[in-house]
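All chains are named by letter (A, B, ...) in the order of the sequence lines, taking the proteins before the strands, and each is independently numbered beginning at 1. All of these numbers come straight from a predicted model, not from anything done at the bench.
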2 protein chains.
Amino acid sequence: MTLNTKEKIFYTALDLFSKKGFSGVSIREITREVGIKESSLYNHFANKDEILESILTYFRSDFSKTLPPIEMLDAILQKSTVEEFLKAGHRNFKQFMEDENRVKMWRILQIEQFRSPLAREVILEDLFKTTIHFLEIVFQKLIDLNKIRPYNPKTLAIEYQYPVFSLLTEYTILKFDGKDTSEVETRLDNHIDFFLEIVTIK
Amino acid sequence: MTLNTKEKIFYTALDLFSKKGFSGVSIREITREVGIKESSLYNHFANKDEILESILTYFRSDFSKTLPPIEMLDAILQKSTVEEFLKAGHRNFKQFMEDENRVKMWRILQIEQFRSPLAREVILEDLFKTTIHFLEIVFQKLIDLNKIRPYNPKTLAIEYQYPVFSLLTEYTILKFDGKDTSEVETRLDNHIDFFLEIVTIK
DNA sequence: ATTATACGCTAACGTTCGTTAGTTTTAAAT
DNA sequence: ATTTAAAACTAACGAACGTTAGCGTATAAT
């Protein structure tokens, strides 16, 4: 786990940007932390913007690996109950967000969303759109399998996922102050239970 | 509607902070826009931080006026259907957010949430907690009136409100780029309809 | 052994930053 | 008409900003 200089710059910038925002962090601050002179940073990144860009791009490709590929869905959905499937997804996502670097990237997205068109694109396309599209397919398949009630699959996707996003916002803020997050986690469990109660055919 | 200098500074800072973030805006930029010298600004605000503080404080008191007082609830709830009540709340909130200054304040909250403890407090306490608490009381009363099904009122509050927060996040980003928001607005309507379908006693 | 490349360094560039001291103008109160 | 207070101004402070030019050295390829 020894990092080369470029990686050190990357993770130091990730940490600082996520606390103070891009404009609130100077090249000097980053290089001081890394232990090199300001000028040396430019051997690794063309300029300050490129550091942020590399962070956002990294998050993009990282996040794209979290959802299972759609061609594997049929196999998965047939052999598990709705409850098992949703709770497994929940565990996956929780695990994904337990990596503190991912939490930092999430924070940067929030902070930079109005300064960086790329950040906005990642939020709208990669987080919202991709997730909702994936879930829409899942729920359509579950309806076809007669495992859940035939509500509009897109509505179901939104009803399921959007509370999760808000809970994540709350979770991230609490975590930032080192506060207790157990209540938010309970709420997330309650949300999943409530959703299951609504859609399950009894 | 003619503004004095202090108000001009306030609204100029509001606009710039909401686009570039607190650290991304300089005193020179604000005063240039207002049409005064940098030093003159200090006749109205002690320092840069105090400008942001005044914006957050203003939002706080402004937002606190949006929810109807709890002592008026019984009267309102008895003479209207659940649907009327929720849709009226929706209209109120929409109207509240049509004021572009409020959208700017919302953006600042997002941008500054990890730099400013006050911003975090406003998000957690004033936006999340207060809203959920209000809705919890509403749903409890509706259950007592036998107007909705007896789910856990807090769960209902979250199921109702948290998708709204996420939709608002999406809405704000789309608005920022001048993109079409009609789909998000439709989704919000769908969400309310879905929620009504779930909780209404038929 | 020589050459090339990667990557650190020193030093500095011109600009901008938040803020202050001190002074003049403006307009209302006496 | 004089006093007073608010709010504008000029000028500047030291510090920090992102970035560049140029140089030294270590390592790896020829």
Side-chain angles (χ1 to χ4, degrees), chain A residues 1-58 104 107-108 111-119, chain B residues 1-58 104 107-108 111-119:
Chain A
M1 250 301 249
T2 75
L3 303 177
N4 62 34
T5 303
K6 183 161 190 175
E7 290 166 335
K8 275 188 207 158
I9 294 169
F10 181 93
Y11 288 109
T12 304
L14 174 63
D15 183 62
L16 293 173
F17 288 166
S18 80
K19 289 178 196 153
K20 309 178 169 197
F22 179 80
S23 309
V25 177
S26 68
I27 296 289
R28 279 170 178 81
E29 199 175 355
I30 297 170
T31 55
R32 197 186 313 128
E33 190 102 342
V34 172
I36 55 171
K37 296 293 162 188
E38 304 98 279
S39 55
S40 302
L41 181 140
Y42 292 90
N43 286 323
H44 304 282
F45 293 93
N47 50 49
K48 196 185 168 189
D49 286 274
E50 212 185 81
I51 307 176
L52 177 61
E53 204 182 298
S54 79
I55 290 174
L56 295 179
T57 304
Y58 180 85
K104 287 174 188 171
R107 292 210 300 256
I108 291 177
I111 296 173
E112 301 303 330
Q113 61 182 309
F114 302 110
R115 236 193 36 85
S116 158
L118 180 55
Chain B
M1 251 300 251
T2 75
L3 304 176
N4 62 35
T5 303
K6 183 161 190 175
E7 288 166 337
K8 276 189 206 154
I9 295 170
F10 182 93
Y11 287 109
T12 304
L14 174 63
D15 183 61
L16 293 173
F17 288 166
S18 79
K19 290 178 194 151
K20 312 180 167 195
F22 179 79
S23 309
V25 177
S26 68
I27 295 289
R28 281 172 177 78
E29 201 175 353
I30 297 171
T31 53
R32 197 185 314 127
E33 190 100 342
V34 172
I36 55 172
K37 297 292 164 191
E38 304 98 279
S39 54
S40 302
L41 181 141
Y42 292 90
N43 285 322
H44 304 281
F45 292 94
N47 50 48
K48 197 184 167 189
D49 286 274
E50 212 186 81
I51 306 176
L52 176 62
E53 205 182 297
S54 79
I55 290 174
L56 295 179
T57 304
Y58 181 85
K104 288 174 186 172
R107 292 210 301 256
I108 292 177
I111 297 173
E112 301 303 330
Q113 63 182 311
F114 301 112
R115 236 193 34 85
S116 157
L118 179 53

Interface limits on DNA chain C, where chain B has a heavy atom under 4.0 Å of a nucleotide atom: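 Endpoints of the contacted stretch of DNA chain C: C:dC17 to C:dA21.
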Side chains of [X] and [Y] in contact at under 4.5 Å (non-hydrogen atoms):
X        : Y        : result
A:Ile9   : A:Thr31  : no
B:Leu16  : B:Glu29  : yes
B:Val34  : B:His44  : no
B:Arg107 : A:Gln113 : no

Selection: residues 31-49 of chain A, any non-hydrogen atom under 4.0 Å of DNA chain D: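 Within this stretch, A:Glu38, A:Ser39, A:Tyr42, A:Asn47, A:Lys48 sit under 4.0 Å of the strand.
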Span of DNA chain D in contact with chain A (heavy atoms, under 4.0 Å):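 Answer, 5' to 3': D:dC17 to D:dA21.
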Ring-face cation contact, A:Phe114 with B:Lys20, 6.0 Å cut, 45° max: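 Geometry flag: not set, cation outside 6.0 Å or 45°.
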Stacked cation flag B:Lys104 on B:Phe17, 6.0 angstrom / 45 deg: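 So B:Lys104 doesn't make the cation-pi contact.
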Interatomic spacing from CZ in A:Phe22 to NZ in A:Lys48 - rounded to 0.5 Å: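 Between atom CZ of A:Phe22 and atom NZ of A:Lys48 there are 4.5 Å.
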Nearest-0.5 Å distance, CG of residue B:Leu41 to CD of residue B:Glu50: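 Interatomic distance, B:Leu41 CG to B:Glu50 CD, rounded to 0.5 Å: 10.0 Å.
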Electrostatic pair A:Glu112:A:Arg115 at N-O distance under 4.0 angstrom: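 Yes, this pair counts.
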is_close_aromatic(A:Phe10, A:Tyr58), centroid dist under 6.0 Å: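 Yes, close enough.
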